[in-house]
Amino acid sequence: AGGVAGVCVDLILFPLDTVKTRLQSPQGFRKAGGFCGIYAGVPSTAIGSFPNAAAFFITYENVKSILPHGSSSYLSPATHMVAASLGEVVACLIRVPSEVVKQRAQVSPSSSTLRILSHTLYHEGIQGLYRGYKSTVLREIPFSLVQFPLWESLKDLWSWKQGHVVDSWQSAVCGAFAGGFAAAVTTPLDVAKTRIMLAKAGSSNARGNVLAALGGIWRTQGLSGLFAGVVPRMAAISLGGFIFLGTYEKTRQLLL
């Protein structure tokens, strides 16, 4: 169910993700390709989406089942936070290599995904594919700490109001709201992650220091730099939350 949801959302919203990446890139939107080659890097996403999302939900649901949860438990939000955080740590093992290749292809639309993968492996090795792992985890954990407890709480509230468990479309609406809010507050971490992944080998950002990357963006571009791409990111993740969490719930209902 998680894998199906991941593929649906990533492929449908890929153009918005490309626009967001190019707005955040060091060379600027136009030099990174503008609106040309909007599907550059899509093969990387197509291959990585299913196992990435599946790994997240396998971890999330299993951890949630082990820890105390339920609408009556005051520990429920903490359970969702822990489960989502561990899910992200596991999923990022698959997501980061896919993301590195995808983002480099998005800002170099003239190069193929395979060429970028080969170039990265030749010049940087496997560790080049995992550049930005720490920054991605540091982005995803705060994002999940906001999104998943908020999603679960909104579902519980809606279920209580109407007297029965929410339908999949209602879960999707809750997911859209939770995702959009989480996207807005974690945008600076997303910008830092993008800069680290796109940095030239040997540069200061290539070392993967998130605080240093954030400091550099603040000094050169100020607040607007830290929130570069916030609108397409919020739009993509709000729509993504609707599609992703709604598809997940619907697929899980069909399978179970």
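This structure is a prediction, so every number in the text was calculated from the model and none was measured.
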Calculate, to the nearest 0.5 Å, the distance between atoms [atom1] and [atom2] belonging to [X] and [Y] respectively.
X	Y	atom1	atom2	value
Leu129	Leu117	CG	CG	6.0 Å
Phe57	Tyr248	CZ	OH	5.0 Å
Ser135	Glu99	OG	CD	9.5 Å
Glu249	Ser168	CD	OG	7.5 Å
Lys155	Cys174	NZ	SG	8.0 Å
Leu13	Thr45	CG	OG1	11.0 Å

Could you give all pairs that pass the ring-ring contact (aromatic ring centres under 6.0 Å, His included) test and reach residues 166-190, with sequence neighbours left out?
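Of all non-adjacent pairs touching residues 166-190, those that pass ring-ring contact (aromatic ring centres under 6.0 Å, His included) are Trp158-Trp169.
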
Between [X] and [Y], which heavy-atom pair has the shortest distance, and what is it?
X	Y	result
Ala178	Leu150	CA-CD2, 3.7 Å
Leu138	Leu189	O-CD1, 3.4 Å
Ala32	Pro109	O-CD, 3.7 Å
Val9	Gly240	CG2-CA, 3.1 Å
Pro26	Leu198	CD-CD1, 4.1 Å
Cys92	Pro97	O-CD, 4.2 Å

Provide the full list of side chain to side chain donor-acceptor pair (under 3.5 Å) pairs with a residue in residues 211-228, sequence neighbours left out, each pair given once.
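Those involving residues 211-228 are Arg195-Gln221.
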
[X] side chain near [Y] side chain, heavy-atom distance below 4.5 Å:
X	Y	answer
Ser85	Leu145	yes
His119	Ser108	no
Val4	Cys8	yes
Val137	Tyr133	yes
Thr186	Glu140	no
Lys31	Val107	no
Phe227	Val191	no

Contacts of Lys250 meeting salt bridge (Lys or Arg N to Asp or Glu O under 4.0 Å) (sequence neighbours excluded), chain-then-number -> none

Residues clustering with Val90 (ILVMFWY side chains joined when closer than 4.5 Å, directly or via others):
none

Look at the side chain of [X] and the backbone N and O of [Y], then say whether any donor-acceptor pair between them is shorter than 3.5 Å.
X	Y	value
Arg95	Asn52	no
Thr247	Phe244	no
Arg22	Gln106	yes

With a 4.5 Å cut-off on side-chain heavy-atom distances among I, L, V, M, F, W and Y, is there a chain of contacts connecting [X] to [Y]?
X	Y	value
Ile141	Val185	no
Tyr39	Ile116	no
Leu67	Leu86	yes
Leu93	Met197	yes
Val42	Val7	yes

By side-chain hydrogen bond (donor to acceptor under 3.5 Å, both in side chains), which residues pair with Arg131, not counting sequence neighbours?
Glu124

Using the side-chain hydrogen bond (donor to acceptor under 3.5 Å, both in side chains) criterion, which residues pair with Asp190? Sequence neighbours excluded.
Lys20, Gln24, Arg139

Is it true that the side chains of Arg104 and Thr120 contain a donor and an acceptor less than 3.5 Å apart?
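Yes, because at least one side-chain N or O of Arg104 sits under 3.5 Å from a partner of the opposite role on Thr120.
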
Would you kindly say whether Gln103 and Asp17 are connected by a side-chain donor-acceptor distance under 3.5 Å?
no

Between Ile237 and Phe143, is the side chain to side chain contact (heavy atoms under 4.5 Å, CB included) condition met? List the steps.
CA-CA 11 Å; Ile237 292 180; Phe143 180 86; 3.6 Å; yes

Qualifying salt bridge (Lys or Arg N to Asp or Glu O under 4.0 Å) pairs with a residue from [range], counting only residues at least two apart or across chains:
range	result
residues 158-167	none
residues 49-62	Glu61-Lys64, Glu61-Arg252
residues 44-58	none

Which residues pass the ring pair (Phe, Tyr, Trp, His ring centres under 6.0 Å) test with Phe56, sequence neighbours left out?
Tyr60, Phe148

Listed by chain and number, what are the ring pair (Phe, Tyr, Trp, His ring centres under 6.0 Å) partners of His164, not counting sequence neighbours?
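Scan of His164 (ring pair (Phe, Tyr, Trp, His ring centres under 6.0 Å), adjacent residues dropped) gives none.
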
Among all residues two or more places apart in sequence or in another chain, which pass the side chain to side chain contact (heavy atoms under 4.5 Å, CB included) test with Ser44?
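With neighbours one apart ignored, the set is Ser98, Val101, Lys102, Thr113.
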
Trace of the side chain to side chain contact (heavy atoms under 4.5 Å, CB included) decision for Leu226 with Thr187
CA-CA 7 Å; Leu226 290 174; Thr187 294; over 6 Å; no

